[in-house]
Amino acid sequence: MSIILDHVNYIYGGDTPLAVKALDDVCLTIPDGQFLGIIGHTGSGKSTLVQHLNGLLKASSGHIYFDGQDIYEKGYDLKALRSKVGLVFQYPEHQLFEIDVFTDVCFGPKNLGLSQSEVQYRAYEALKSVGLPEDLYYQSPFELSGGQKRRVAIAGTLAMKPQVLILDEPTAGLDPRGRDEILDLIKKLQTESGMTILLVSHSMEDVAEYVDRILVINKGSILLDGVPREVFRHYQELEQIGLAAPQVTYIMHALREKGLEVDDSVTTIDEAVDQIAGLFRR
Amino acid sequence: MLRDITLGQYYQTESVLHKLDPRVKIGGTLLFILTLFFYKNFLGYLAAILFLAAVIRLSHVPFSYMIKGMRSILFLLLITVVFNLFLTPGTVLVSFWKLKITQEGLKAAVTIALRLTMLIIGSSLMTLTTTPNNLTDGMEKMMGFMKIFKAPVHEMAMMMSIALRFIPILLEETDKIMKAQMARGADFESGNLIARAKAMVPLLVPLFISAFRRANDLAMAMEARCYRGGEGRTKMKPLQYKKRDYLAYLCMVGFMAGSIWLGRLPVL
(Lines give C-alpha, C1' and ligand atoms only; values in the text may rest on other atoms or scores of the structure.)
Protein backbone atom coordinates (compact mmCIF):
# COMPACT_ATOMS: atom_id res chain seq x y z
CA MET A 1 0.00 0.00 0.00
CA SER A 2 2.30 2.75 -1.17
CA ILE A 3 3.21 4.86 -4.14
CA ILE A 4 6.49 4.23 -5.89
CA LEU A 5 7.90 6.37 -8.69
CA ASP A 6 10.62 4.72 -10.70
CA HIS A 7 12.77 6.98 -12.91
CA VAL A 8 9.86 9.14 -14.04
CA ASN A 9 10.50 11.71 -16.78
CA TYR A 10 8.00 14.09 -18.27
CA ILE A 11 8.42 16.42 -21.21
CA TYR A 12 5.88 19.12 -22.07
CA GLY A 13 5.30 19.96 -25.71
CA GLY A 14 6.57 16.68 -27.19
CA ASP A 15 9.10 17.21 -29.93
CA THR A 16 8.41 20.86 -30.75
CA PRO A 17 11.11 23.48 -30.23
CA LEU A 18 9.10 24.60 -27.22
CA ALA A 19 9.62 21.30 -25.40
CA VAL A 20 10.31 21.66 -21.69
CA LYS A 21 11.54 18.93 -19.42
CA ALA A 22 9.22 19.22 -16.44
CA LEU A 23 10.28 16.10 -14.56
CA ASP A 24 13.79 14.77 -14.66
CA ASP A 25 14.39 11.21 -13.47
CA VAL A 26 12.27 11.32 -10.33
CA CYS A 27 12.52 8.32 -8.00
CA LEU A 28 10.35 8.40 -4.91
CA THR A 29 8.61 6.12 -2.42
CA ILE A 30 5.67 7.39 -0.41
CA PRO A 31 4.73 4.98 2.39
CA ASP A 32 1.21 4.72 3.75
CA GLY A 33 -0.08 7.29 6.18
CA GLN A 34 2.74 9.74 5.66
CA PHE A 35 2.20 13.48 5.65
CA LEU A 36 4.51 14.64 2.91
CA GLY A 37 5.20 18.23 1.97
CA ILE A 38 6.31 18.95 -1.58
CA ILE A 39 8.06 22.27 -1.96
CA GLY A 40 9.41 24.15 -4.92
CA HIS A 41 9.03 27.56 -6.45
CA THR A 42 6.67 28.33 -9.33
CA GLY A 43 7.48 26.24 -12.39
CA SER A 44 9.66 23.75 -10.54
CA GLY A 45 7.48 20.83 -11.60
CA LYS A 46 5.68 20.12 -8.33
CA SER A 47 2.19 20.36 -9.84
CA THR A 48 3.31 18.23 -12.77
CA LEU A 49 4.61 15.63 -10.35
CA VAL A 50 1.36 15.28 -8.41
CA GLN A 51 -0.71 15.06 -11.59
CA HIS A 52 1.21 11.90 -12.43
CA LEU A 53 0.16 10.21 -9.22
CA ASN A 54 -3.46 9.82 -10.28
CA GLY A 55 -2.76 9.26 -13.94
CA LEU A 56 -3.89 12.66 -15.27
CA LEU A 57 -0.52 13.05 -16.93
CA LYS A 58 1.35 10.12 -18.39
CA ALA A 59 5.09 10.02 -17.88
CA SER A 60 7.22 10.25 -21.03
CA SER A 61 9.27 7.43 -19.55
CA GLY A 62 9.46 5.54 -16.28
CA HIS A 63 6.96 3.68 -14.11
CA ILE A 64 4.59 4.47 -11.29
CA TYR A 65 3.37 1.75 -8.94
CA PHE A 66 0.32 2.11 -6.74
CA ASP A 67 -0.20 -0.73 -4.26
CA GLY A 68 2.40 -2.69 -6.19
CA GLN A 69 0.62 -2.37 -9.53
CA ASP A 70 2.04 -0.51 -12.51
CA ILE A 71 -0.54 2.15 -13.39
CA TYR A 72 0.65 2.29 -17.00
CA GLU A 73 0.00 -1.41 -17.51
CA LYS A 74 -2.56 -2.18 -20.17
CA GLY A 75 -6.07 -2.44 -18.80
CA TYR A 76 -5.27 -0.71 -15.51
CA ASP A 77 -8.38 1.08 -14.29
CA LEU A 78 -7.36 4.74 -14.13
CA LYS A 79 -10.83 5.79 -13.02
CA ALA A 80 -10.53 3.56 -9.98
CA LEU A 81 -7.07 4.99 -9.32
CA ARG A 82 -8.51 8.51 -9.33
CA SER A 83 -10.99 7.54 -6.65
CA LYS A 84 -8.17 6.16 -4.50
CA VAL A 85 -5.81 9.06 -5.10
CA GLY A 86 -7.82 12.23 -4.59
CA LEU A 87 -6.31 15.36 -6.08
CA VAL A 88 -7.42 18.83 -5.03
CA PHE A 89 -6.18 21.35 -7.56
CA GLN A 90 -4.94 24.86 -7.03
CA TYR A 91 -7.92 27.19 -6.62
CA PRO A 92 -10.26 24.21 -6.42
CA GLU A 93 -13.26 26.53 -6.03
CA HIS A 94 -13.00 27.09 -9.78
CA GLN A 95 -14.31 23.59 -10.36
CA LEU A 96 -17.63 24.12 -8.54
CA PHE A 97 -20.61 24.06 -10.87
CA GLU A 98 -23.73 22.64 -9.23
CA ILE A 99 -26.78 24.55 -8.04
CA ASP A 100 -26.03 23.93 -4.38
CA VAL A 101 -23.12 22.90 -2.22
CA PHE A 102 -24.47 19.47 -1.36
CA THR A 103 -25.13 18.45 -4.97
CA ASP A 104 -21.65 19.59 -5.93
CA VAL A 105 -20.03 17.40 -3.29
CA CYS A 106 -22.17 14.51 -4.57
CA PHE A 107 -20.56 14.78 -8.02
CA GLY A 108 -17.46 12.74 -7.10
CA PRO A 109 -19.13 9.77 -5.38
CA LYS A 110 -21.88 9.76 -8.02
CA ASN A 111 -19.21 9.24 -10.68
CA LEU A 112 -18.08 6.16 -8.76
CA GLY A 113 -21.47 4.58 -9.49
CA LEU A 114 -22.55 4.28 -5.84
CA SER A 115 -26.18 4.07 -4.73
CA GLN A 116 -28.13 7.26 -4.13
CA SER A 117 -28.17 6.83 -0.35
CA GLU A 118 -24.46 6.01 -0.19
CA VAL A 119 -23.66 9.08 -2.31
CA GLN A 120 -25.66 11.35 -0.01
CA TYR A 121 -24.22 9.75 3.11
CA ARG A 122 -20.68 10.29 1.87
CA ALA A 123 -21.36 13.87 0.83
CA TYR A 124 -22.83 14.62 4.23
CA GLU A 125 -19.90 12.99 5.99
CA ALA A 126 -17.37 14.89 3.87
CA LEU A 127 -19.04 18.26 4.43
CA LYS A 128 -19.18 17.54 8.14
CA SER A 129 -15.48 16.67 8.26
CA VAL A 130 -14.43 19.95 6.61
CA GLY A 131 -16.46 21.81 9.22
CA LEU A 132 -18.81 23.73 6.95
CA PRO A 133 -21.86 25.12 8.83
CA GLU A 134 -24.93 23.05 7.99
CA ASP A 135 -27.08 26.01 6.97
CA LEU A 136 -24.81 26.49 3.95
CA TYR A 137 -25.34 23.00 2.51
CA TYR A 138 -28.20 24.07 0.26
CA GLN A 139 -26.84 27.42 -0.83
CA SER A 140 -25.29 28.12 -4.19
CA PRO A 141 -21.54 27.47 -3.99
CA PHE A 142 -20.97 30.82 -5.68
CA GLU A 143 -22.41 32.73 -2.72
CA LEU A 144 -19.85 31.41 -0.23
CA SER A 145 -16.66 33.12 0.87
CA GLY A 146 -13.29 32.09 -0.57
CA GLY A 147 -12.34 29.90 2.39
CA GLN A 148 -15.76 28.26 2.46
CA LYS A 149 -15.64 27.50 -1.26
CA ARG A 150 -12.30 25.86 -0.78
CA ARG A 151 -13.70 23.67 1.98
CA VAL A 152 -16.52 22.62 -0.30
CA ALA A 153 -14.04 21.73 -3.04
CA ILE A 154 -11.94 19.70 -0.62
CA ALA A 155 -15.10 17.96 0.59
CA GLY A 156 -15.89 17.15 -3.05
CA THR A 157 -12.71 15.11 -3.18
CA LEU A 158 -13.01 13.66 0.32
CA ALA A 159 -16.46 12.32 -0.50
CA MET A 160 -14.77 9.84 -2.84
CA LYS A 161 -13.01 8.41 0.23
CA PRO A 162 -9.51 8.42 -1.23
CA GLN A 163 -6.64 6.58 0.45
CA VAL A 164 -4.26 9.29 -0.63
CA LEU A 165 -5.17 12.98 -0.62
CA ILE A 166 -3.07 15.39 -2.65
CA LEU A 167 -3.56 19.12 -2.18
CA ASP A 168 -1.94 21.51 -4.64
CA GLU A 169 -1.34 24.85 -2.92
CA PRO A 170 -4.45 24.59 -0.77
CA THR A 171 -3.75 27.91 0.95
CA ALA A 172 -3.11 30.06 -2.15
CA GLY A 173 -5.05 33.30 -2.06
CA LEU A 174 -6.42 32.86 1.47
CA ASP A 175 -5.92 35.26 4.35
CA PRO A 176 -3.76 34.09 7.30
CA ARG A 177 -6.77 32.93 9.25
CA GLY A 178 -8.25 30.99 6.34
CA ARG A 179 -4.83 29.50 5.73
CA ASP A 180 -4.45 28.25 9.30
CA GLU A 181 -7.98 26.84 9.24
CA ILE A 182 -7.35 24.86 6.08
CA LEU A 183 -3.99 23.55 7.29
CA ASP A 184 -5.44 22.54 10.68
CA LEU A 185 -8.24 20.79 8.85
CA ILE A 186 -5.76 18.84 6.76
CA LYS A 187 -3.77 17.83 9.83
CA LYS A 188 -6.98 16.73 11.54
CA LEU A 189 -7.95 14.62 8.53
CA GLN A 190 -4.59 12.93 8.58
CA THR A 191 -4.55 12.07 12.29
CA GLU A 192 -8.18 10.94 12.34
CA SER A 193 -8.35 8.87 9.19
CA GLY A 194 -4.72 7.84 8.72
CA MET A 195 -4.85 9.03 5.11
CA THR A 196 -1.64 9.57 3.21
CA ILE A 197 -1.44 13.29 2.53
CA LEU A 198 0.68 15.16 0.03
CA LEU A 199 0.76 18.90 0.53
CA VAL A 200 2.18 20.94 -2.33
CA SER A 201 3.32 24.42 -1.42
CA HIS A 202 5.92 27.07 -2.01
CA SER A 203 5.78 28.30 1.56
CA MET A 204 8.07 26.63 4.09
CA GLU A 205 6.15 28.21 6.94
CA ASP A 206 3.00 26.38 5.89
CA VAL A 207 4.65 23.07 5.69
CA ALA A 208 7.20 23.01 8.51
CA GLU A 209 4.69 22.72 11.31
CA TYR A 210 2.60 19.94 9.88
CA VAL A 211 4.48 17.45 7.76
CA ASP A 212 6.55 14.36 8.57
CA ARG A 213 8.76 14.68 5.55
CA ILE A 214 9.69 17.35 3.04
CA LEU A 215 10.57 16.95 -0.58
CA VAL A 216 12.23 19.92 -2.27
CA ILE A 217 11.82 20.01 -6.04
CA ASN A 218 13.94 22.15 -8.30
CA LYS A 219 13.89 22.17 -12.10
CA GLY A 220 11.97 18.91 -12.20
CA SER A 221 14.23 16.85 -9.96
CA ILE A 222 14.39 16.13 -6.25
CA LEU A 223 16.91 18.38 -4.53
CA LEU A 224 16.36 17.51 -0.87
CA ASP A 225 14.33 14.81 0.84
CA GLY A 226 14.02 14.29 4.56
CA VAL A 227 12.43 15.33 7.85
CA PRO A 228 11.87 19.11 8.18
CA ARG A 229 14.81 19.60 10.56
CA GLU A 230 17.16 17.87 8.17
CA VAL A 231 15.93 19.82 5.13
CA PHE A 232 16.02 23.24 6.80
CA ARG A 233 19.60 22.69 7.86
CA HIS A 234 20.35 23.29 4.16
CA TYR A 235 18.75 26.73 4.27
CA GLN A 236 21.52 28.25 2.18
CA GLU A 237 20.86 25.82 -0.66
CA LEU A 238 17.17 26.58 -0.36
CA GLU A 239 17.87 30.27 -0.76
CA GLN A 240 19.88 29.64 -3.87
CA ILE A 241 16.84 28.18 -5.61
CA GLY A 242 14.57 31.00 -4.48
CA LEU A 243 13.04 29.38 -1.40
CA ALA A 244 13.55 30.17 2.24
CA ALA A 245 13.55 28.27 5.50
CA PRO A 246 11.01 29.26 8.16
CA GLN A 247 11.83 32.54 9.89
CA VAL A 248 12.57 30.82 13.20
CA THR A 249 15.45 28.99 11.55
CA TYR A 250 17.06 32.32 10.73
CA ILE A 251 16.48 33.69 14.23
CA MET A 252 18.02 30.63 15.84
CA HIS A 253 21.03 30.76 13.52
CA ALA A 254 21.51 34.46 14.33
CA LEU A 255 21.31 33.74 18.08
CA ARG A 256 23.81 30.97 17.72
CA GLU A 257 26.21 33.28 15.90
CA LYS A 258 25.98 35.72 18.82
CA GLY A 259 27.32 32.92 20.98
CA LEU A 260 24.09 31.82 22.63
CA GLU A 261 23.66 28.12 23.16
CA VAL A 262 20.46 27.26 21.29
CA ASP A 263 19.57 24.36 19.03
CA ASP A 264 19.53 25.91 15.56
CA SER A 265 17.70 23.02 13.90
CA VAL A 266 14.26 23.80 15.34
CA THR A 267 11.57 24.45 12.78
CA THR A 268 8.49 25.65 14.60
CA ILE A 269 7.78 28.71 16.69
CA ASP A 270 6.81 26.63 19.74
CA GLU A 271 10.13 24.82 19.75
CA ALA A 272 11.97 28.10 19.36
CA VAL A 273 10.09 29.60 22.29
CA ASP A 274 11.10 26.63 24.44
CA GLN A 275 14.73 27.04 23.45
CA ILE A 276 14.86 30.76 24.19
CA ALA A 277 12.93 30.41 27.43
CA GLY A 278 15.43 27.70 28.38
CA LEU A 279 18.25 30.24 28.01
CA PHE A 280 16.63 32.60 30.50
CA ARG A 281 15.97 29.86 33.00
CA ARG A 282 19.60 28.94 33.11
CA MET B 1 -4.14 17.77 -26.30
CA LEU B 2 -5.45 21.33 -26.51
CA ARG B 3 -1.91 22.62 -26.67
CA ASP B 4 -1.58 21.23 -30.18
CA ILE B 5 -3.75 23.86 -31.83
CA THR B 6 -1.37 26.23 -33.56
CA LEU B 7 -3.89 27.96 -35.79
CA GLY B 8 -3.89 31.63 -34.86
CA GLN B 9 -0.82 31.41 -32.67
CA TYR B 10 2.31 33.51 -32.71
CA TYR B 11 5.71 31.86 -33.08
CA GLN B 12 8.52 33.89 -31.55
CA THR B 13 11.68 34.02 -33.65
CA GLU B 14 13.79 36.44 -35.70
CA SER B 15 13.05 36.79 -39.40
CA VAL B 16 12.38 39.31 -42.16
CA LEU B 17 8.77 38.25 -42.15
CA HIS B 18 8.41 39.01 -38.46
CA LYS B 19 9.73 42.51 -39.05
CA LEU B 20 7.40 43.38 -41.91
CA ASP B 21 4.58 45.85 -41.39
CA PRO B 22 1.43 43.92 -40.43
CA ARG B 23 -0.49 45.66 -43.23
CA VAL B 24 1.85 44.10 -45.77
CA LYS B 25 1.26 40.67 -44.31
CA ILE B 26 -2.51 41.05 -44.14
CA GLY B 27 -2.66 42.46 -47.66
CA GLY B 28 -0.22 39.88 -48.97
CA THR B 29 -2.17 37.00 -47.45
CA LEU B 30 -5.42 38.26 -48.95
CA LEU B 31 -3.80 38.67 -52.36
CA PHE B 32 -2.24 35.20 -52.12
CA ILE B 33 -5.58 33.59 -51.29
CA LEU B 34 -7.27 35.51 -54.10
CA THR B 35 -4.58 34.43 -56.57
CA LEU B 36 -5.22 30.76 -55.74
CA PHE B 37 -8.62 31.01 -57.38
CA PHE B 38 -7.35 32.29 -60.73
CA TYR B 39 -5.40 29.21 -61.79
CA LYS B 40 -6.70 26.97 -64.54
CA ASN B 41 -3.80 24.51 -64.76
CA PHE B 42 -1.37 22.89 -62.34
CA LEU B 43 1.56 25.07 -63.37
CA GLY B 44 -0.02 27.91 -61.41
CA TYR B 45 -0.31 25.75 -58.30
CA LEU B 46 3.28 24.64 -58.73
CA ALA B 47 4.36 28.28 -58.78
CA ALA B 48 2.26 28.99 -55.68
CA ILE B 49 3.75 26.01 -53.83
CA LEU B 50 7.27 27.15 -54.66
CA PHE B 51 6.47 30.71 -53.60
CA LEU B 52 4.91 29.53 -50.34
CA ALA B 53 7.89 27.26 -49.64
CA ALA B 54 10.24 30.19 -50.16
CA VAL B 55 8.21 32.39 -47.79
CA ILE B 56 8.07 29.63 -45.16
CA ARG B 57 11.83 29.34 -45.44
CA LEU B 58 12.14 33.09 -44.92
CA SER B 59 9.89 33.02 -41.87
CA HIS B 60 12.19 30.67 -39.88
CA VAL B 61 9.10 28.93 -38.50
CA PRO B 62 9.70 25.15 -38.59
CA PHE B 63 7.47 23.47 -41.16
CA SER B 64 6.69 20.60 -38.77
CA TYR B 65 5.26 23.13 -36.33
CA MET B 66 2.85 24.44 -38.96
CA ILE B 67 1.78 20.97 -39.99
CA LYS B 68 0.84 20.16 -36.41
CA GLY B 69 -1.74 22.93 -36.52
CA MET B 70 -3.15 21.44 -39.71
CA ARG B 71 -4.21 18.26 -37.95
CA SER B 72 -7.31 19.90 -36.57
CA ILE B 73 -8.67 20.68 -40.02
CA LEU B 74 -7.58 17.40 -41.61
CA PHE B 75 -11.07 16.01 -41.16
CA LEU B 76 -12.67 18.93 -42.99
CA LEU B 77 -10.15 18.58 -45.77
CA LEU B 78 -10.82 14.86 -46.07
CA ILE B 79 -14.60 15.30 -46.34
CA THR B 80 -14.26 17.95 -49.04
CA VAL B 81 -11.87 15.82 -51.03
CA VAL B 82 -14.01 12.68 -50.75
CA PHE B 83 -17.19 14.48 -51.79
CA ASN B 84 -15.49 16.09 -54.77
CA LEU B 85 -13.86 12.84 -55.75
CA PHE B 86 -16.99 10.72 -55.79
CA LEU B 87 -19.82 13.12 -56.55
CA THR B 88 -18.56 15.01 -59.60
CA PRO B 89 -20.23 13.78 -62.79
CA GLY B 90 -18.13 13.25 -65.95
CA THR B 91 -15.93 10.69 -67.69
CA VAL B 92 -15.64 7.61 -65.46
CA LEU B 93 -12.10 6.51 -64.60
CA VAL B 94 -12.68 3.81 -61.97
CA SER B 95 -15.92 2.45 -60.59
CA PHE B 96 -16.78 -0.08 -57.93
CA TRP B 97 -20.14 -0.85 -56.35
CA LYS B 98 -22.10 2.42 -56.51
CA LEU B 99 -19.09 4.70 -56.33
CA LYS B 100 -17.28 6.03 -59.33
CA ILE B 101 -14.31 8.29 -59.72
CA THR B 102 -14.42 10.60 -62.70
CA GLN B 103 -11.66 12.49 -64.41
CA GLU B 104 -13.32 15.78 -63.53
CA GLY B 105 -13.84 14.62 -59.97
CA LEU B 106 -10.18 13.75 -59.58
CA LYS B 107 -9.16 17.13 -60.89
CA ALA B 108 -11.65 18.93 -58.67
CA ALA B 109 -10.55 16.98 -55.60
CA VAL B 110 -6.85 17.69 -56.17
CA THR B 111 -7.58 21.35 -56.87
CA ILE B 112 -9.68 21.83 -53.78
CA ALA B 113 -7.16 20.00 -51.60
CA LEU B 114 -4.34 22.19 -52.91
CA ARG B 115 -6.32 25.38 -52.50
CA LEU B 116 -7.49 24.60 -48.98
CA THR B 117 -4.08 23.50 -47.76
CA MET B 118 -2.32 26.53 -49.16
CA LEU B 119 -5.04 28.84 -47.95
CA ILE B 120 -4.62 27.58 -44.42
CA ILE B 121 -0.84 27.45 -44.47
CA GLY B 122 -0.75 30.91 -46.00
CA SER B 123 -2.98 32.47 -43.40
CA SER B 124 -1.39 30.63 -40.49
CA LEU B 125 1.94 31.95 -41.74
CA MET B 126 0.55 35.43 -41.22
CA THR B 127 -0.59 34.76 -37.64
CA LEU B 128 2.59 32.83 -36.81
CA THR B 129 4.80 35.76 -37.75
CA THR B 130 2.64 38.62 -36.42
CA THR B 131 1.82 39.26 -32.78
CA PRO B 132 -1.93 39.59 -32.17
CA ASN B 133 -1.40 43.21 -31.15
CA ASN B 134 0.38 44.04 -34.37
CA LEU B 135 -2.26 42.20 -36.34
CA THR B 136 -5.13 44.22 -34.94
CA ASP B 137 -3.08 47.40 -35.26
CA GLY B 138 -2.69 46.67 -38.94
CA MET B 139 -6.35 45.87 -39.37
CA GLU B 140 -7.39 49.02 -37.55
CA LYS B 141 -5.22 51.09 -39.85
CA MET B 142 -6.41 49.30 -42.99
CA MET B 143 -10.05 49.70 -42.02
CA GLY B 144 -9.50 53.35 -41.13
CA PHE B 145 -11.52 54.54 -44.13
CA MET B 146 -14.63 52.95 -42.55
CA LYS B 147 -14.62 55.75 -39.98
CA ILE B 148 -16.26 57.97 -42.58
CA PHE B 149 -19.30 55.74 -42.26
CA LYS B 150 -19.16 56.08 -38.45
CA ALA B 151 -18.09 52.46 -38.06
CA PRO B 152 -16.47 51.88 -34.62
CA VAL B 153 -13.20 50.65 -36.14
CA HIS B 154 -11.04 51.09 -33.05
CA GLU B 155 -13.55 49.39 -30.79
CA MET B 156 -13.83 46.46 -33.15
CA ALA B 157 -10.06 46.12 -33.38
CA MET B 158 -9.80 46.25 -29.59
CA MET B 159 -12.47 43.60 -29.24
CA MET B 160 -10.63 41.40 -31.67
CA SER B 161 -7.28 41.76 -29.99
CA ILE B 162 -8.85 40.94 -26.63
CA ALA B 163 -10.60 37.92 -28.10
CA LEU B 164 -7.36 36.70 -29.65
CA ARG B 165 -5.49 37.29 -26.42
CA PHE B 166 -8.01 35.22 -24.51
CA ILE B 167 -7.91 32.14 -26.71
CA PRO B 168 -4.81 30.58 -25.15
CA ILE B 169 -5.90 31.63 -21.66
CA LEU B 170 -9.30 30.00 -22.02
CA LEU B 171 -7.75 26.89 -23.56
CA GLU B 172 -5.48 26.56 -20.58
CA GLU B 173 -8.39 27.13 -18.24
CA THR B 174 -10.42 24.43 -20.02
CA ASP B 175 -7.55 22.03 -19.64
CA LYS B 176 -7.30 22.79 -15.93
CA ILE B 177 -11.01 22.44 -15.20
CA MET B 178 -11.16 19.27 -17.26
CA LYS B 179 -8.38 17.76 -15.18
CA ALA B 180 -9.98 18.90 -11.94
CA GLN B 181 -13.27 17.23 -12.87
CA MET B 182 -11.49 14.12 -14.10
CA ALA B 183 -9.82 13.92 -10.70
CA ARG B 184 -13.36 13.80 -9.31
CA GLY B 185 -14.17 10.88 -11.57
CA ALA B 186 -15.78 12.77 -14.45
CA ASP B 187 -15.65 10.96 -17.77
CA PHE B 188 -15.56 13.06 -20.95
CA GLU B 189 -14.74 10.34 -23.42
CA SER B 190 -17.21 7.46 -23.18
CA GLY B 191 -20.97 7.15 -23.54
CA ASN B 192 -23.39 8.15 -26.27
CA LEU B 193 -23.95 11.66 -27.61
CA ILE B 194 -26.43 12.68 -24.90
CA ALA B 195 -24.24 11.34 -22.10
CA ARG B 196 -21.28 13.21 -23.54
CA ALA B 197 -23.22 16.45 -23.87
CA LYS B 198 -24.31 16.09 -20.25
CA ALA B 199 -20.72 15.43 -19.22
CA MET B 200 -19.81 18.87 -20.59
CA VAL B 201 -21.87 20.69 -17.95
CA PRO B 202 -19.23 20.37 -15.20
CA LEU B 203 -16.74 21.78 -17.70
CA LEU B 204 -18.77 24.59 -19.24
CA VAL B 205 -20.30 26.12 -16.12
CA PRO B 206 -16.96 26.80 -14.40
CA LEU B 207 -15.48 27.90 -17.72
CA PHE B 208 -18.19 30.50 -18.30
CA ILE B 209 -17.92 31.76 -14.75
CA SER B 210 -14.19 32.15 -15.08
CA ALA B 211 -14.54 33.88 -18.46
CA PHE B 212 -16.97 36.40 -16.96
CA ARG B 213 -14.70 36.93 -13.99
CA ARG B 214 -11.75 37.57 -16.27
CA ALA B 215 -13.76 39.92 -18.47
CA ASN B 216 -14.84 41.84 -15.40
CA ASP B 217 -11.27 42.10 -14.10
CA LEU B 218 -10.02 43.26 -17.47
CA ALA B 219 -12.72 45.92 -17.81
CA MET B 220 -11.86 47.17 -14.35
CA ALA B 221 -8.14 47.27 -15.13
CA MET B 222 -8.74 49.14 -18.38
CA GLU B 223 -10.96 51.69 -16.70
CA ALA B 224 -8.46 52.14 -13.90
CA ARG B 225 -6.00 53.19 -16.60
CA CYS B 226 -8.50 55.64 -18.08
CA TYR B 227 -9.36 53.74 -21.23
CA ARG B 228 -12.34 55.38 -22.90
CA GLY B 229 -12.46 54.18 -26.48
CA GLY B 230 -10.65 55.22 -29.61
CA GLU B 231 -11.47 58.92 -29.73
CA GLY B 232 -8.34 61.02 -29.61
CA ARG B 233 -6.21 57.99 -28.84
CA THR B 234 -2.65 58.04 -30.19
CA LYS B 235 -0.17 55.23 -30.62
CA MET B 236 3.23 54.87 -29.04
CA LYS B 237 4.55 53.14 -32.13
CA PRO B 238 2.49 54.26 -35.14
CA LEU B 239 2.74 51.93 -38.12
CA GLN B 240 5.04 53.23 -40.81
CA TYR B 241 6.03 51.66 -44.12
CA LYS B 242 9.74 51.07 -44.58
CA LYS B 243 11.78 50.14 -47.62
CA ARG B 244 11.41 46.40 -47.02
CA ASP B 245 7.64 46.77 -46.91
CA TYR B 246 7.53 48.32 -50.38
CA LEU B 247 9.86 45.59 -51.59
CA ALA B 248 7.54 42.95 -50.14
CA TYR B 249 4.56 44.50 -51.94
CA LEU B 250 6.57 44.45 -55.15
CA CYS B 251 7.43 40.75 -54.70
CA MET B 252 3.79 39.97 -54.02
CA VAL B 253 2.54 41.74 -57.14
CA GLY B 254 5.30 40.11 -59.18
CA PHE B 255 4.29 36.69 -57.90
CA MET B 256 0.63 37.36 -58.62
CA ALA B 257 1.18 38.48 -62.18
CA GLY B 258 3.70 35.72 -62.97
CA SER B 259 1.77 32.84 -61.48
CA ILE B 260 -1.58 33.90 -62.93
CA TRP B 261 0.05 34.14 -66.35
CA LEU B 262 1.52 30.63 -65.83
CA GLY B 263 -1.72 29.29 -64.40
CA ARG B 264 -3.68 30.37 -67.44
CA LEU B 265 -1.37 28.90 -70.09
CA PRO B 266 -3.30 26.35 -72.14
CA VAL B 267 -1.61 23.21 -70.74
CA LEU B 268 -3.02 20.30 -68.68
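Only a predicted model underlies this, so the values are computations on that prediction, with no experimental measurement involved. To find a chain, count down the sequence lines: A is the first, B the second, and so on, and within it residues start at 1.
If you measure heavy-atom distances from B:E173 to chain A, the contacts under 4.5 Å come from the side chain alone. A:L112 does not touch chain B: none of its heavy atoms, backbone or side chain, sits under 4.5 Å away.
Judged as a ring-ring contact (aromatic ring centres under 6.0 Å, His included), and not counting sequence neighbours, the contacts of B:H18 are B:Y10. Partners of B:R115 under the side-chain hydrogen bond (donor to acceptor under 3.5 Å, both in side chains) rule, at least two apart in sequence or in another chain, are B:Y45.
Other residues, nucleotides and ligands contribute at most 12 non-hydrogen atoms within 6.0 Å of the NZ atom of B:K242. Surrounding CE of B:M156 are at most 12 heavy atoms belonging to other residues, nucleotides or ligands under 6.0 Å away. Heavy atoms from other residues, nucleotides or ligands lying under 6.0 Å from NZ of B:K235 number more than 12. For CZ of B:R57, the number of neighbouring non-hydrogen atoms (other residues, nucleotides, ligands) closer than 6.0 Å is 12 at most. Heavy-atom neighbours of B:I79 CD1 from other residues, nucleotides or ligands within 6.0 Å: above the threshold of 12. No more than 12 heavy-atom neighbours from other residues, nucleotides or ligands sit within 6.0 angstrom of OH on A:Y121. Within a 6.0 Å radius of CZ in B:F63, no more than 12 heavy atoms belonging to other residues, nucleotides or ligands are found. Other residues, nucleotides and ligands contribute only 12 or fewer heavy atoms inside 6.0 Å of the NE2 atom of A:H202.
Note: A:L87 CG to B:K179 NZ = 9.5 Å, rounded to the nearest 0.5 Å. If you take NZ on A:K79 and CE on B:M182, they are separated by 10.5 Å, rounding to the nearest 0.5 Å.
In this structure, B:Q181 and A:N111 have side chains that are not in contact, with every pair of non-hydrogen atoms separated by 4.5 Å or more. Inter-residue side-chain proximity for A:Y91 and B:K176 is flagged as unmet; no heavy-atom pair is nearer than 4.5 Å.
Panel note: side chain A:Q95, backbone B:P206; no donor-acceptor pair is recorded below 3.5 Å.
Taking non-hydrogen atoms and a 4.5 Å limit, the residue list of residues 43-56 of chain A in contact with chain B, ordered by number, reads A:Q51, A:N54, A:L56. For residues 208-221 of chain B, heavy-atom neighbours of chain A at less than 4.5 Å comprise B:I209, B:R213, sorted by residue number.
The greatest number of non-hydrogen atom pairs below 4.5 Å with chain B, out of A:I166, A:D104, A:L81, A:T157, is found for A:D104.
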